[in-house]
Amino acid sequence: MRYTPHTLDDQARMLRTIGIQDIKQLYEHVPARLRETAGIRLPGGLAEVAVRRRLANLAAKNAAATDWSFFLGGGIYHHAIPSAVDAVVSRSEFATSYTPYQPEVSQGTLQALYEFQTLVCQLTGMEAANAGVYDGASAAAEAVLMSRRIQPLSRRQVLVSRALHPHYREVIRTYARNLEDVALQEIRFGDSGATDLERLRAALGPSTMCVVLGYPNFFGVIEDLASAQAACARAGAHLISVTTEPLALGLLKPPGFFGAEIAVGEGQSFGVPMNLGGPGFGFFATQRRFIRNLPGRLVGETVDVEGRRGFVLTLATREQHIRRERATSNICTSQTLCALAATVFLSLMGKTGLRRLAEINAARAHQARARLIREARAEAVFSGPFFNEFVVRVRDLDRAIRRAGERRIVPGIELSRWYPELPEALLVCVTEMNEREEVERLVAALAG
Amino acid sequence: MRYTPHTLDDQARMLRTIGIQDIKQLYEHVPARLRETAGIRLPGGLAEVAVRRRLANLAAKNAAATDWSFFLGGGIYHHAIPSAVDAVVSRSEFATSYTPYQPEVSQGTLQALYEFQTLVCQLTGMEAANAGVYDGASAAAEAVLMSRRIQPLSRRQVLVSRALHPHYREVIRTYARNLEDVALQEIRFGDSGATDLERLRAALGPSTMCVVLGYPNFFGVIEDLASAQAACARAGAHLISVTTEPLALGLLKPPGFFGAEIAVGEGQSFGVPMNLGGPGFGFFATQRRFIRNLPGRLVGETVDVEGRRGFVLTLATREQHIRRERATSNICTSQTLCALAATVFLSLMGKTGLRRLAEINAARAHQARARLIREARAEAVFSGPFFNEFVVRVRDLDRAIRRAGERRIVPGIELSRWYPELPEALLVCVTEMNEREEVERLVAALAG
Amino acid sequence: MSQRLPVKRAFGCAPPLLFDSGSPGRSGFFWPEEDAFPAAELPAELLRDAVEGFPELGELEALRHFTQLSHLNFGIESQFYPLGSCTMKYNPKVNETVARFPGFAHIHPLAPVPLLQGALELLYELEGWLAEISGMDHVSLQPSAGAQGELTGLMLIRAYLADCGDARQKIIVPDTAHGTNPASSTLCGYEVIQVSSNEQGVMDPATVARVMNEEVAALMITNPNTLGLFEKNIEAVAGAVHARGGLVYLDGANLNALMGIAKPGHMGVDVLHMNLHKTFSTPHGGGGPGAGPVAVKAALRDYLPVPRIEKQNGAYVLSEDHPKSVGRVRSFLGNFGVLVRAYTYILSLGGDGLAEASRMALLNANYIRKRLEKHYSLAYNEPCMHECVFTDRAQHRFGVTTLDIAKRLLDYGFHPPTIYFPLVVSGALMIEPTETETPETLDAFIDAMIAIAREAKENPELVKTAPHSTPVRRLDEARAARKPVLRWEPERAERDKEQGML
Amino acid sequence: MSQRLPVKRAFGCAPPLLFDSGSPGRSGFFWPEEDAFPAAELPAELLRDAVEGFPELGELEALRHFTQLSHLNFGIESQFYPLGSCTMKYNPKVNETVARFPGFAHIHPLAPVPLLQGALELLYELEGWLAEISGMDHVSLQPSAGAQGELTGLMLIRAYLADCGDARQKIIVPDTAHGTNPASSTLCGYEVIQVSSNEQGVMDPATVARVMNEEVAALMITNPNTLGLFEKNIEAVAGAVHARGGLVYLDGANLNALMGIAKPGHMGVDVLHMNLHKTFSTPHGGGGPGAGPVAVKAALRDYLPVPRIEKQNGAYVLSEDHPKSVGRVRSFLGNFGVLVRAYTYILSLGGDGLAEASRMALLNANYIRKRLEKHYSLAYNEPCMHECVFTDRAQHRFGVTTLDIAKRLLDYGFHPPTIYFPLVVSGALMIEPTETETPETLDAFIDAMIAIAREAKENPELVKTAPHSTPVRRLDEARAARKPVLRWEPERAERDKEQGML
Ligand SMILES: Cc1ncc(COP(=O)(O)O)c(C=O)c1O
Ligand SMILES: Cc1ncc(COP(=O)(O)O)c(C=O)c1O
């Protein structure tokens, strides 16, 4: 059979050793009724070439960024991935190993995760980070749950910015729903596209547990974390900063700089292909005093019996396999290989490269916005500062999008499906992958 | 710069250590006139994304077997390559290492080459094989040179079948040309498409050094090696068997079975992409008594100081780096990584798989030929038995080829450019990659 | 002190940390084109300074760092990896090839749906296949891993019961359950009632009936359970739960034992999750990414997470409008890249191949069980399914524990079984060979286990001080937890250098 | 006997041979579709029996075999590999990515030329770039490696002279030349005159003039030569050769030292070859594939091998009709896959980047030379270019040889330099760091060399018995050559098992 190496002789020999004649005897203790109806009605297996043909046909029915011009962000970004990244993550020693339960033969994964944790701290300006969680959205939800573990029972009100990524707000709602004590409240955004700080201050109170803001937010706007943090501090609430485009942290003051208690986000931008939105990974950072409340895996430094440095999974007493129903979270398998990709990516970019890449993104996005407004009669929607994403209003948006589509351009994301208050608004993202001439074609297409 | 890691500080520190101020001092002993005119007038370097774009554009201007139906063989074959093959050869421990001069840290390459030599022996039915040469054509030429090293000065006539691959005949001519004593003579083929054995017997004589036959030959026809070998033996000439489609050896009696003195060929069919015809590798096998006359690298078994088995490059006294002008050949860098690919490929196919794959090729080719003759009014050209390639005559061939081209089909190779005596003859190759429905479309296209 | 110096060896030395490598100003980033580009005008007060302590390496330098790290890892393609409950089967290379097709790797989840028809077709088909394999009615591919599948499953049980006006507070979980089961229950706002398995290592219907009442929302059961035993009373157990209005959740992480042998959907299961990174061959990646689809019976369909993939006159669409749905459990459409691999695996094996896989998984596990039973004592003397559980009882008298045995296996070039799990077995050694291993490999592993049993008797010190041949030897985990060092910091790097630790 | 048993270690054990693995009837080949297909009617007497002793493994089994083998190899991405004359620079990953584009990997050389325009454009452009870099007029990309480039170059010299009615019989080759130079000369039907380099390690014009006469077709010179020294008299030397009607062939294997510094085409060179698998970063693959293009001055153009790539009103064509050509030197169009990588490398670096590469190659080599000169004695006290050559003179008195030093370096995790070449230097240690290595790596290597120099003094036995940490220790090469065992055979496998060698 395809991947089972057993020849008939192998099977016969093994059955003899076991002391039975027929392999069926191995599961005859399974109730007959179940066995009789267990047949799988699927076609037979295919040769590798046939499998590749079938998958190639399916892939051909999708629009890939390799032949289309995407101006799509909204939580998943099209960035350059150096070939060296895949060369590392496709090495079977990384790709096929399990969660590093046996540290003596897992130092590769463990050291890389320790380096990952450090990189996340450096980028977010926080003191401690875990080895990653599923994605940015569940990271945001886990952050709320972590705040709940820390804050007194009297604080269960969660203030969520309406300018936070809609999926993230939904996932927070899904997770919170099962915990009767948590009450979510949405805070509107103002004309700048940033969360309305007046409304935030008004909503903050003695029962507030935490405030969740996007940084930058879903509109690409850079929130004023300084003021938000000040307000939270005054009210005794935690500030949770959520980043969907981590490249921004190569350029912007990090959440830790403002004193955020928790900084989380999606890391896909760092060396992970878009993959229709997954797998990427969630990053999760906090202050040292909170490390025992962290969800997920933590890698720590230690020494072996000969005094040599080594790395291990640590603080496992937080985790499900030890703590079971009292664990800080239920996460077991996470997104390690994507975290490794990010670690490789960031070590290739390095201090100067990451900064430069962020500058290139900002420069291209700002130039594109200016040209769309100047040359394509698009209207600015928000006045706040932004990184590589921005919102414009395009008259007759549907036709404009269709026009662009005919030229193999996807000009951005329509916001009205999540924000009825923003008709004909388009969220446009421009990265280093959008050539100057692509921007020309975008402007032409939207100008009509 | 792109791949040079030196920062300006690094350079300054290193120059200080060396004891100079300016890096130019390192080559000021190079005549000034040379230095002044050494500037390279090429554009500046490009970022990886730009490089990939440029190469993607070039690649898009070629017709790839992934979107076209190729019925092309003629020395390079489109076969299935399991993903596992590239997974192995792309491992940097194999891909980036040098010829294994330091066996203690090259056992990976050395054991694989030892296994390769064994596989070549098993396939060809010969007693010994080297670690590979450049390609099938130079292998054929090297075989003639090897025969020359063995045969007495009185034997310098080389009989080459006209049904041998034209490129191979040309390369033999190119190599022989510099050796005044070697005289090449071509032997015609008969109606079967096989070498005319009468003519061969007539040409064979006391001055004949060797006879070179394709097995199968360029027309896909399976030569009668038994009779050829008998004739050679009688005349004291060496029989050199040359195989361009090694998959045939999974099904056909091997050259060694008939007593050929040397069996060589091209190995691309075994796990190496077509790559516009290179890199592939030449395989080279002979009888034990001749091993000291072999060209190229040889890997042998030995033991280390603790008695453990290990492998080393051996019989180096044949080679250029020791023997210099008296070496058996000048080959140094060969095609090791391709030989490794073949070793992986053959170990995946295995005894039963290789046979089955060969049968599938033969079955499809035979069926296609029958249908072309029956349904597309193509005429059989040769009567001899064939493996996965055959020749048919198609009326109005140019128009037929154009018609096929419009349907993204390349129906085969026109022979008239090499064989004016075969007008409108088409060499058609059918492998496991040509789906049943592709054959339908081929028949339809040629039927017009 | 000298032993503190890094080991000098030809192979397998750990590289220094990224942060202790490189040189200021060095970078693998190269983007000459851009130099002309006008910079964006962003208010200076928004901008950070260069990231302190960030790596500064060249491309080869970085690549060599990670290549050297890879040489410190065991992996399925280098070693036998019989980690119980983890199903470390071969991860086919063709899966990796197709997952990298640009039409899968470089597509955006918020692109217009007409531009994603191939992806949606794949997902739609995969949902159907998983339903057929598991005997359930509907599937959602959203959850990112098994644990998130559990949480999703429990959430929809909760939502379903709430709709029936029958809010309940508790979940019954067997003592053999994986830690994620109780953890997910709590996360879903439930209280956990732990029940113990009987002397045969399985759930007893009577026991369940005894704890089952109107406060209990569901029973979470694993089948085969973590002892590798088939829950032969599962139908009766499910009956007892259903009788009192509860639902049955099946942890399908061990589905690799059941394909073509028994369908969970026929056992009275209402909800289950599957681990595609186990049964369906997607790589574990050193701890993910995985995928943990949930499958339900028809009655629970409306509660599945959004978005859902539907086929409307020939075209695939994403529908979000399901008022009863538990909502969205993660961003976008799940771990698509993982789902492509699982799809490819099922397509490659086909129905018969999957059944064959489960049969061979059982054959391999029982072969090991048989050959080792005279040398190690079995936790339960029952026929096993895809894995078998031993204990260190027989070695205890020599002072050799399961941990020692595991570490000694490393010196023989084998990854150890899962140890000390399930918790009900003291010193558990949980061995899951999977179906992709040859009998020769099993024999080599078994011989090593037997040799270790002998060493435990004749030379216990050798075993207790193992491993002896790994890049680092036994690590001080207590120290790591006592004063956690979770990141590099400049000062520490200095200190360690002085102490010669690196 | 026990030491003959395979080493037990966690990492780095050699797997058994393919032929001693597996099980009869096992195969990684899976092709269910075909079963219906009617078999071809081939005469039974043409068909062989199953291939005796052929491997019978499963897919994972085979993959694990080769993955384990890979762990026994050093490679550039795991170790520093300063192998002199081999230019073991970083082989960029992007080259590997683009070379695998279907539009390059899956194209057929005999497809109609209109279907290959992208490939021909690439080759045409690459020819022009190599001409510009080397200062020559025309280039052929046909030769498969350096040695075949040499042969091709000598053949066209021969053809050219023959056409001039001036057939000649001899080639002058310096004693420092690489072995392929004399070997290629013989293969081309020439007789070799070896001339020795002067006390500065370079060719002396007078010496050359002395041996130069009307029988000599050409001088083969390497610049920088294999001592890493620039042939500073090359113009005069070339003059001496030209004066008597001979041509000058340059072995361009060391071009990595010259880019942007000096063009061979300006030195009086008529013909040269380049090693793309050295200067232009294509991977060595454990011994190939490579590419050894030949470049010539205008006068020799008509003699270049066929086919030639020409541009005719916008389209690229392959022309075979060149009556003066030496003919075809290999099948099809050369090692295209390698040429794509070299093209990508040049495109990535650009003209300035190539010049920078050569400058940094010189910087690295001179840095090593400087730091080691107090610990090892230099072969020649001359400024070096891209590599430097030391000897074991200083270690000899402790009975420690170049071989011992090389083997001891393995224990420090470094690949040794090229040893005992060039032959004119006794106990040569030829170190070529290349430009892609960091100063920190050079320092680590230098420190290891210095430590070994100390060990040679204080503990020579340690060095003489090295390596101590490799999967196998020093191997008996004499035994291998005495009774060559070049292949597996069933009987031998048996015998070895008895002797416990595997
Ligand atoms: C029985 C069982 N249930 C649940 C899980 C959790 O699955 P995941 O790690 O994908 O979250 C596992 C994984 O180890 C398991 O073995
Ligand atoms: C100076 C020199 N010339 C020629 C060659 C031969 O090149 P190749 O190995 O590509 O045949 C080499 C390769 O080692 C070399 O170093």
Side-chain angles (χ1 to χ4, degrees), chain B residues 1 4-5 34 40 42 44-45 55 58-59 61-66 72 88 91-93 95-96 99 104-105 107-109 118 134 137 167 170 174 178 253 273 275-279 300-302 304 307 309-310 314 320-321 324-325 327 330 333-337 347-348 350-351 353 362 366, chain D residues 4 27-29 40 48 54-55 62 66 69-70 72-77 98 101-103 105-106 108-109 115 118 144-145 147 179 182-184 186 188-189 192 262 283 285-290 327-328 331-332 335-337 350-351 353 356 360 362 438 470 472-473 475 480 485 487-488 501:
Chain B
M1 270 302 188
T4 45
L34 295 178
I40 301 173
L42 291 180
L55 273 295
L58 286 171
K61 294 188 210 166
N62 302 321
T66 38
L72 296 168
V88 171
R91 288 185 63 84
S92 56
E93 300 90 332
T96 72
T99 303
E104 298 86 353
V105 292
Q107 286 298 300
T109 298
T118 304
Y134 300 136
H167 287 180
E170 292 175 41
T174 305
N178 314 306
K253 285 207 171 81
N275 281 322
L276 195 69
E301 182 186 302
T302 186
D304 75 357
R309 179 180 66 190
T314 192
Q320 46 76 21
H321 60 286
R324 301 181 69 86
E325 62 271 21
N330 68 333
T333 294
S334 181
Q335 310 277 126
T336 304
L337 200 64
S347 53
L348 287 168
K351 192 189 235 173
H366 283 72
Chain D
R4 293 196 159 212
S27 168
F29 180 77
R48 77 186 296 167
F54 220 59
F66 292 103
L69 283 181
S70 76
L72 307 178
N73 265 15
F74 270 15
I76 294 175
E77 285 165 31
V98 300
F101 286 164
H106 304 304
H108 195 285
L115 300 184
S144 310
S184 301
T186 309
C188 194
V192 172
R328 180 179 281 282
S331 55
F332 309 112
N335 279 338
F336 178 70
E356 171 84 355
M360 292 304 126
L362 266 59
T438 66
T470 46
V472 290
R473 309 249 334 255
L475 290 152
V485 178
R487 62 171 291 190
W488 171 91
M501 266 172 52

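Not measured: the values here are computed from a predicted model. Each chain gets a letter, A, B and so on, in the order the sequences are listed, and its residues count up from 1.
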Yes or no on side chain to side chain contact (heavy atoms under 4.5 Å, CB included) for D:Phe101 and B:Leu55, after CA distance, side-chain angles and deciding distance? CA-CA 9 Å; D:Phe101 286 164; B:Leu55 273 295; 4.0 Å; yes
Is the closest side-chain heavy-atom distance between [X] and [Y] below 4.5 Å?
X	Y	value
D:Arg328	B:His167	yes
D:Asn73	B:Val105	no
D:Val472	B:Gln107	yes
B:Leu337	D:Pro289	yes

[X] versus [Y], closest heavy-atom pair with distance:
X	Y	value
D:Ala62	B:Leu348	CB-CD2, 3.9 Å
B:Gly350	D:Phe54	C-CD2, 3.6 Å
D:Gly287	B:Thr336	O-OG1, 2.8 Å
B:Thr333	D:Gly290	CG2-N, 4.1 Å
B:Gln320	D:Ala183	CB-CB, 3.6 Å

Looking at CD of D:Glu77 and OG1 of B:Thr96, how far apart are the two atoms once the value is rounded to the nearest 0.5 Å?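 These two atoms lie 5.5 Å from each other.
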Rounded to the nearest 0.5 Å, what separates atom CZ in D:Phe336 from atom CG in B:Leu276?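 Answer rounded to 0.5 Å: 5.0 Å.
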If I measure from the heavy atoms of chain D, does B:Thr314 come under 4.5 Å with its side chain, its backbone, both, or neither?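 Answer is side chain: those atoms of B:Thr314 sit under 4.5 Å from chain D.
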Find the one option among [options] whose heavy-atom pairs under 4.5 Å with chain B are most numerous.
options	result
D:Glu356, D:Met360, D:His106, D:Arg487	D:Arg487
D:Cys188, D:Gly75, D:Pro283	D:Cys188
D:Pro102, D:Ala105, D:Ser184	D:Ala105

Before you tell me yes or no, could you show the steps for D:Phe66 and B:Ser347 under side chain to side chain contact (heavy atoms under 4.5 Å, CB included), namely the whole-Å CA-CA distance, both residues' side-chain angles and the distance that decides it to 0.1 Å? CA-CA 10 Å; D:Phe66 292 103; B:Ser347 53; 3.2 Å; yes
Contact leader toward chain D among [options], where contacts are heavy-atom pairs under 4.5 Å:
options	result
B:Ala65, B:Ser334, B:Ser92	B:Ser334
B:Leu42, B:Thr99, B:Asn275	B:Asn275
B:Gly300, B:Ala95, B:Ala137, B:Ala327	B:Ala95
B:Gln335, B:Arg91, B:His366	B:Gln335
B:Thr174, B:Val88, B:Thr66	B:Thr174

Keeping [X] on the side-chain end and [Y] on the backbone end, is there a donor-acceptor pair under 3.5 Å?
X	Y	result
B:Asp304	D:Leu475	no
B:Asn330	D:Ala147	yes
B:Asn62	D:Gly118	yes

Does B:Glu325 have any side chain to side chain contact (heavy atoms under 4.5 Å, CB included) partners at least two apart in sequence or in another chain, and if so, which?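 Scan of B:Glu325 (side chain to side chain contact (heavy atoms under 4.5 Å, CB included), adjacent residues dropped) gives D:Pro182, D:Thr186, D:Val192.
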